[in-house]
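Below you'll find the structure, written out as structure tokens, and then a few comments.
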Amino acid sequence: MGIFIGDDTRLVVQGITGRDGSFHTRQMMEYGTRVVAGVTPGKGGRTFDGGVPVFDTVEEAVAERGANTSVIYVPARFAADAVFEAADAGIALIVCITEGVPVGDMLRVLPYVREKGARLIGPNCPGLIVPGRCKVGILPGQIVREGPVGIVSRSGTLTYEVIFQFTRAGIGQSACVGIGGDPLIGTDFVDCLAAFEADPETEAVAVIGEIGGTDEQVAAEYVSREMSKPVVGFIAGQTAPPGRRMGHAGAIISGSEGTAEEKIRAFESHGIGVARRPADLVGLIRDR
Amino acid sequence: MGIFIGDDTRLVVQGITGRDGSFHTRQMMEYGTRVVAGVTPGKGGRTFDGGVPVFDTVEEAVAERGANTSVIYVPARFAADAVFEAADAGIALIVCITEGVPVGDMLRVLPYVREKGARLIGPNCPGLIVPGRCKVGILPGQIVREGPVGIVSRSGTLTYEVIFQFTRAGIGQSACVGIGGDPLIGTDFVDCLAAFEADPETEAVAVIGEIGGTDEQVAAEYVSREMSKPVVGFIAGQTAPPGRRMGHAGAIISGSEGTAEEKIRAFESHGIGVARRPADLVGLIRDR
Amino acid sequence: MNIHEYQAREIFARHGIPVPEAEIAATAEEARAAAERFGGPVVVKAQVHAGGRGKAGGVKLADTPAEAGDRAEAILGMEIKGIEVRQVLVAPAEDIASEAYVGIVLDRARRADTIMVSSEGGVDIEEVAATMPEAIRKVAVDPRYGLLAHQAALLGHHLYDDPGAARQASSIIAKLYEAYRASGATLAEINPMIVNPAGEVKAIDAKMNIDDNALFRLPEIAVLRDTEAENPAEVRAREAELSYIQLDGNVGCCVNGAGLAMATMDLVKYYGGEPANFLDIGGSSNPDKVVAALELITEDPKVDSILFNIFGGITRCDDVANGIVEATSRMELGVPITIRLTGTNEEEGVAILASRGFEAMVDMDRAVETAVGRAGGG
Amino acid sequence: MNIHEYQAREIFARHGIPVPEAEIAATAEEARAAAERFGGPVVVKAQVHAGGRGKAGGVKLADTPAEAGDRAEAILGMEIKGIEVRQVLVAPAEDIASEAYVGIVLDRARRADTIMVSSEGGVDIEEVAATMPEAIRKVAVDPRYGLLAHQAALLGHHLYDDPGAARQASSIIAKLYEAYRASGATLAEINPMIVNPAGEVKAIDAKMNIDDNALFRLPEIAVLRDTEAENPAEVRAREAELSYIQLDGNVGCCVNGAGLAMATMDLVKYYGGEPANFLDIGGSSNPDKVVAALELITEDPKVDSILFNIFGGITRCDDVANGIVEATSRMELGVPITIRLTGTNEEEGVAILASRGFEAMVDMDRAVETAVGRAGGG
């Protein structure tokens with residue numbers, strides 16, 4: 001099972017001929033993801049690596065190759081256009097890896113995607129992986145392992161770190177989703193928690209949050225109200241100074257809002273076990 | 001009963017202190033419509049005719065007076081703003097009398113009204129009346145009479161003419177709705193036909209169309225597919241030359257589209273009796 | 001409102017659409033001089049608010065300046081669909097590798113501006129739609145988001161396989177949409193849009209219709225109205241805030257309300273007559289408008305009979321009656337007048353008319369039939 | 001990106017917001033001259049990227065030009081939250097009848113720009129929100145429709161009972177939103193917005209934050225960056241495409257990925273140390289970035305121990321190892337270095353480091369604990 005992607009995924013790669021796009025397309029194909037098409041405007045008619053047809057538009061990739069999922073590796077200035085195009089073409093799941101997308105672009109993209117009935121993951125995210133079955137994005141396939149824990153995170157390498165610790169401890173994952181570090185993202189913690197709750201293969205969930213915004217607080221409330229499965233969490237940025245953007249565009253304490261303390265308190269008050277160190281997540285999951 | 005308005009109507013008049021607004025407010029109150037508030041920005045705090053409180057915003061009219069219906073008499077350049085405001089304030093039915101609203105304004109207004117769950121009638125319309133109960137707009141109250149025929153029309157005075165002929169012939173009306181003569185309007189024939197079909201007091205419907213667009217053709221199909229009650233029709237503009245705007249912004253034959261012949265053919269092929277003269281409508285209704 | 005090709009070209013150019021140079025000429029000599037400046041062969045095109053000018057002989061090629069002068073001479077002053085040609089556009093003839101069509105139009109049914117492109121350019125789009133609909137690609141613009149980059153891109157790709165041409169076309173389409181929106185247009189067309197042998201995409205013809213209702217906030221567009229290219233009576237009617245369209249019949253109609261005015265015309269025809277005009281005096285109660293309306297009707301030499309059809313609502317019957325009395329005291333009608341008057345203040349109106357010897361009827365059909373009879377028809 | 005008050009004022013003025021005249025001064029003499037030109041009493045305001053400058057003594061009134069010079073003298077060169085004041089704004093002191101607050105900020109939870117107004121101006125809006133939330137009126141702007149006229153109107157009416165003042169405020173709010181959008185802002189504030197005794201509404205203070213990600217398409221905004229007003233090490237880090245923030249501790253951290261970098265800092269603290277910085281070398285595999293990162297860390301005199309924490313994904317461990325080797329061959333670190341390296345090309349990376357005598361660890365906790373110990377903490 002897993003969530004959002006799986007055996008039915010038919011992937012189109014937007015920006016397949018670019019440096020990042022071509023590299024990760026090969027990685028995804030190696031992992032077993034069905035890459036059915038690529039899109040690079042002006043390069044329609046070519047073939048990528050001798051097997052994947054390249055089109056000028058996503059519309060053609062959907063019409064001719066039945067693509068239902070898209071992953072976006074185009075430069076930031078074209079990322080919003082790429083999401084609009086994928087949603088308009090009827091793509092159901094759009095994963096935007098691109099970092100540096102203007103927040104004003106996302107303001108317009110988010111309602112559009114919703115109106116088209118599509119799901120956007122990202123931008124500025126590592127994508128997602130269902131161990132042993134399908135990977136869309138840039139998460140390293142070698143660190144995951146099949147198993148019962150769902151992982152959702154706003155971060156990239158910190159997610160790898162957590163996955164790595166679980167895998168080393170012999171605990172596999174049902175799916176790992178990086179939702180992205182930007183202030184406005186398509187899929188939030190609650191969306192992923194709901195999917196994990198519904199996924200029969202997931203037995204517990206680890207939520208990796210960080211400073212900035214209130215998504216963790218909303219998630220905590222959701223967990224206590226709607227979830228039957230145990231949830232554990234970690235919040236990065238306890239030592240972050242207020243008012244500074246900690247790398248991620250979304251990781252900033254604004255005034256008194258978005259501190260790690262506030263998020264940890266929200267987790268604890270809603271019954272989510274909070275790890276002081278990433279390594280403690282393993283023990284917390286074992287205890288549940 | 002009637003449709004769209006009735007005993008529950010609590011009306012706010014946008015532009016109540018203007019020339020048209022004040023005149024028709026008095027007419028509506030005389031007819032028995034419950035006018036609970038007026039709005040004119042900058043004139044909040046006054047009272048209209050000693051009884052109706054005037055506010056700066058529709059929001060206040062809703063909060064303080066429970067307005068649920070709005071009628072708009074503001075100049076064309078402010079009409080779209082007035083509709084946005086009414087929809088945003090939670091008004092359920094917005095009747096825009098104003099003529100000359102730019103079509104580009106309406107393009108943005110229509111989806112907004114729909115998203116807010118409101119209904120817009122007009123613009124460039126005479127409004128509607130439920131004989132003996134409630135009138136919103138400018139239809140002359142003295143020509144209507146209570147009865148079983150629903151009337152819906154794109155026109156103003158032509159509607160009066162038809163109502164007058166019915167009333168003179170002793171046939172009363174369940175409701176008369178002028179949907180407006182512009183290319184883009186909030187409520188179309190089908191919306192009104194559906195409401196008349198659902199209204200237990202309506203036994204038959206007269207549809208008064210004119211050249212331009214395809215609303216009559218769509219309505220004809222709807223009638224044959226969905227309606228149990230008899231429907232008769234008239235189309236104005238059989239002698240109109242192509243390519244010329246016949247007064248109403250929407251009354252124009254574009255290329256080969258929107259001719260009276262085409263509409264009459266659509267009516268007839270879907271079982272709607274078509275009157276050659278407005279006066280023949282009475283006979284057609286009697287025959288059904 | 002219609003604007004001329006040369007005016008639409010200027011708007012297009014202002015929005016960055018590649019439009020080849022051209023000059024406007026009101027005389028043969030000006031056309032000759034323009035052709036001389038351009039050098040090679042030129043096209044001479046009539047500037048009129050009427051379709052089908054090509055078929056009417058209003059577009060001609062000229063190889064030399066002298067020939068350009070001759071062509072202009074022939075075109076200037078000719079009538080196309082009843083409108084006299086007063087200006088021609090002179091433009092260098094382009095080498096054309098292929099012709100396409102790009103148009104934006106308000107789609108009433110979809111409640112959206114819709115962009116249409118077709119690789120079959122230079123011909124009437126309705127004809128293409130009828131004979132080879134698969135050549136046309138349509139995209140509706142969501143008014144909340146505007147034209148999205150990928151929409152322009154896929155229209156470009158529909159038109160051209162060559163990536164360079166597709167990119168140019170996408171850019172032109174995006175700019176055309178901007179021009180359309182910024183001008184309050186309800187139609188904007190490039191037909192044909194060409195690719196020349198060098199691979200450059202250009203707009204050769206330019207057409208725009210403007211929403212009259214948007215003009216109040218677009219003074220720079222409003223001034224483009226060429227009243228000389230319009231029917232003078234219609235121009236005067238607009239200035240008097242009347243809605244008037246001259247037709248070919250002999251029954252002059254004066255009605256309050258557009259729908260009722262159309263129905264009145266139809267009824268004239270029904271009773272065997274032919275309407276001389278569409279005339280809506282609107283919802284006002286200003287007697288001056290009635291006077292202006294009567295002036296317009298009586299100045300039309302074809303009119304043999306005048307018909308008033310007034311259903312009082314906002315318009316008050318007494319105001320209309322006063323207008324009729326005032327107008328007839330100022331001028332000699334010369335033809336019979338038939339008056340139908342009912343609704344608001346009907347009694348007062350009827351009394352005013354009676355005091356001057358006019359009879360007023362209540363029934364529309366009887367009034368129309370009478371007026372048609374008085375015109376000698378029916 | 002932060003911009004200065006005087007820059008935000010210029011943007012506001014360009015969008016038609018009434019902003020009283022003012023001059024920027026870098027010396028006491030310039031401030032004195034400006035005050036002389038203005039005539040009456042003036043305000044002298046520090047231009048720094050830091051909140052709370054008023055409380056820090058960075059805003060002073062002056063009655064005479066000489067006094068303005070003295071005030072500027074006192075403010076220029078002072079440090080506000082660690083940042084040196086290099087410029088002051090000199091503006092005529094306004095007569096104030098009432099003060100209000102207007103702000104626009106990206107509301108992440110609502111996924112919309114949100115406009116907030118409060119009749120309690122001149123004070124911190126968070127304070128107003130905490131003490132008298134009913135004074136604040138918020139309106140979310142639907143990004144598909146933009147700010148609608150009635151929204152601006154009702155915010156104006158919330159602020160002022162007087163129709164004239166309400167109308168002016170609505171207009172200012174609409175223009176502020178335009179300025180906000182056109183500048184790629186994530187925050188725009190007027191605090192206070194005043195009414196003077198003549199009933200004129202004006203923006204007295206101006207504040208804007210800009211979305212760094214939008215700068216690529218706004219060159220006219222990008223040039224407003226005042227690198228002199230920022231931490232020099234952070235400026236250099238940005239030029240090297242590193243994300244770096246200097247802190248007060250002594251364990252220098254170099255990490256790939258922002259989340260992991262924060263978690264590493266937290267772990268330093270957990271093991272009893274204090275991080276000297278946040279540093280994310282990003283997802284690149286460029287050894288030059290590693291060199292630049294090491295330079296930044298070693299130049300910070302507080303650093304007693306360096307910690308690398310690399311989880312290879314797109315970043316390859318061998319590239320990072322090469323960067324470390326190259327940097328240490330060019331410069332003397334002077335402090336111990338602890339390296340955690342795992343993920344893509346881990347073996348190659350470990351081998352490269354081993355060949356130069358560096359030990360690499362796989363476990364993050366052990367590495368952090370070691371680095372803290374080497375810093376003398378823990």
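Each chain gets a letter, A, B and so on, in the order its sequence line appears, and its residues count up from 1.
Between A:Ala249 and D:Asn213, the shortest heavy-atom contact is CB-ND2, 4.3 Å. Here the closest non-hydrogen pair linking D:Phe216 and A:Pro102 is CE2-CG, 3.6 Å. For the pair A:Gly255 and D:Glu126, the tightest heavy-atom approach, listed with the atom from each and the gap, is CA-OE2, 3.0 Å. Minimum heavy-atom separation, A:Gly247 to D:Ser243: CA-OG, 3.3 Å. Heavy atoms only, all atoms of each residue included: A:Ile211 and D:Met262 are closest at CG1-SD, 3.8 Å. Shown here for A:Pro111 and D:Pro143, the closest heavy-atom pair between the two residues is CG-CG, 4.4 Å.
Residue A:Arg19 places its CZ atom among 12 or fewer non-hydrogen atoms of other residues, nucleotides or ligands, all under 6.0 Å distant. Within a 6.0 Å sphere centred on CD of D:Glu220, heavy atoms belonging to other residues, nucleotides or ligands number more than 12. Around the NZ atom of A:Lys116, the shell of radius 6.0 Å holds more than 12 heavy atoms that belong to other residues, nucleotides or ligands. The number of heavy atoms from other shown groups lying within 6.0 Å of CD (D:Gln246) is above 12.
There is no contact between D:Arg110 and chain A, counting heavy-atom distances below 4.5 Å. A:Ile138 touches chain D through its side chain: at least one heavy atom from C-beta onward sits under 4.5 Å away, while N, CA, C and O do not. For chain D, no part of A:Thr159 is nearby; none of its heavy atoms comes within less than 4.5 Å. Residue D:Asp365 touches chain A through its side chain alone, counting heavy-atom pairs closer than 4.5 Å. Of the atoms belonging to D:Thr264, not a single heavy atom falls under 4.5 Å from chain A. With a threshold of 4.5 angstrom between heavy atoms, D:Glu234 approaches chain A through side-chain atoms but not through N, CA, C or O. Only the side chain of A:Pro278 comes within less than 4.5 Å of a heavy atom of chain D; its backbone N, CA, C and O stay farther away. In this structure, no portion of A:Gln27 lies under 4.5 Å from any heavy atom of chain D. Heavy atoms closer than 4.5 Å to chain D are found in the side chain of A:Gln165, but not in its backbone. Using a 4.5 Å cut-off between heavy atoms, A:Phe23 does not touch chain D at all. For a residue to count as touching a neighbouring chain, one of its non-hydrogen atoms must lie under 4.5 Å from one of that chain's; by this rule A:Val101 touches chain D with the backbone only. The part of D:Tyr270 that comes within reach of chain A is its side chain, from C-beta onward, which places non-hydrogen atoms under 4.5 angstrom from that chain. With a 4.5 angstrom heavy-atom cutoff, D:Ile310 does not touch chain A via any of its atoms. Heavy atoms of A:Ile208 lying under 4.5 Å from chain D are absent altogether. Neither the backbone nor the side chain of A:Leu139 comes within less than 4.5 Å of any heavy atom of chain D.
Considering OG1 of A:Thr239 and NZ of D:Lys269, their distance stands at 7.5 Å, rounded to 0.5 Å. Note: D:Phe278 CZ to A:Arg245 CZ = 10.0 Å, rounded to the nearest 0.5 Å. The distance from the CG atom of D:Leu260 to the OG1 atom of A:Thr157 is 4.0 Å, given to the nearest 0.5 Å. Note that CG of A:Leu184 and OG1 of D:Thr186 are 10.5 Å apart. Values are rounded to the nearest 0.5 Å. We find the CD1-CD1 distance between A:Ile97 and D:Ile314 to be 8.5 Å, quoted to the nearest 0.5 Å. For the atom pair D:Asn309 CG and A:Glu161 CD, the distance stands at 6.0 Å (nearest 0.5 Å).
Chain D forms more heavy-atom pairs under 4.5 Å with one residue of A:Gly100, A:Ala279, A:Pro140 than with any other, namely A:Gly100. Heavy-atom pairs under 4.5 Å with chain A were tallied for D:Asp142, D:Asp212, D:Val105; the largest tally goes to D:Asp212. Most heavy-atom pairs under 4.5 Å with chain D, from the set A:Gly213, A:Gly104, A:Ala76: that is A:Gly213.
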Side chain to side chain contact (heavy atoms under 4.5 Å, CB included) between D:Val362 and A:Phe164, intermediate numbers included: CA-CA 11 Å; D:Val362 169; A:Phe164 179 61; 3.9 Å; yes

Verdict with reasoning, A:Arg277 to D:Tyr271, per side chain to side chain contact (heavy atoms under 4.5 Å, CB included): CA-CA 10 Å; A:Arg277 308 176 301 157; D:Tyr271 284 109; 2.7 Å; yes

Derivation and outcome, side chain to side chain contact (heavy atoms under 4.5 Å, CB included), residues D:Arg111 and A:Met106: CA-CA 9 Å; D:Arg111 297 174 162 198; A:Met106 290 311 299; over 6 Å; no

Trace of the side chain to side chain contact (heavy atoms under 4.5 Å, CB included) decision for A:Leu107 with D:Arg181: CA-CA 11 Å; A:Leu107 273 177; D:Arg181 268 175 35 113; over 6 Å; no

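Ion pairing between a basic and an acidic side chain is recognised when a charged N comes within 4.0 Å of a carboxylate O; D:Arg108 and A:Asp182 show no such pairing. For A:Glu115 and D:Arg144, the salt-bridge test passes: some basic side-chain N is under 4.0 Å from an acidic carboxylate O. Between A:Asp105 and D:Arg217 there is a salt bridge, since a side-chain N of the basic residue sits under 4.0 Å from a carboxylate O of the acidic one.
Contact annotation: the side chain of A:Met246 approaches that of D:Met265 to within less than 4.5 Å [non-hydrogen atoms, C-beta and beyond]. Taking 4.5 Å as the limit, every side-chain heavy atom of A:Arg276 sits out of range of all side-chain heavy atoms of D:Asp266. Using a 4.5 Å cut-off on side-chain heavy atoms (C-beta onward), A:Tyr160 and D:Thr342 make no contact.
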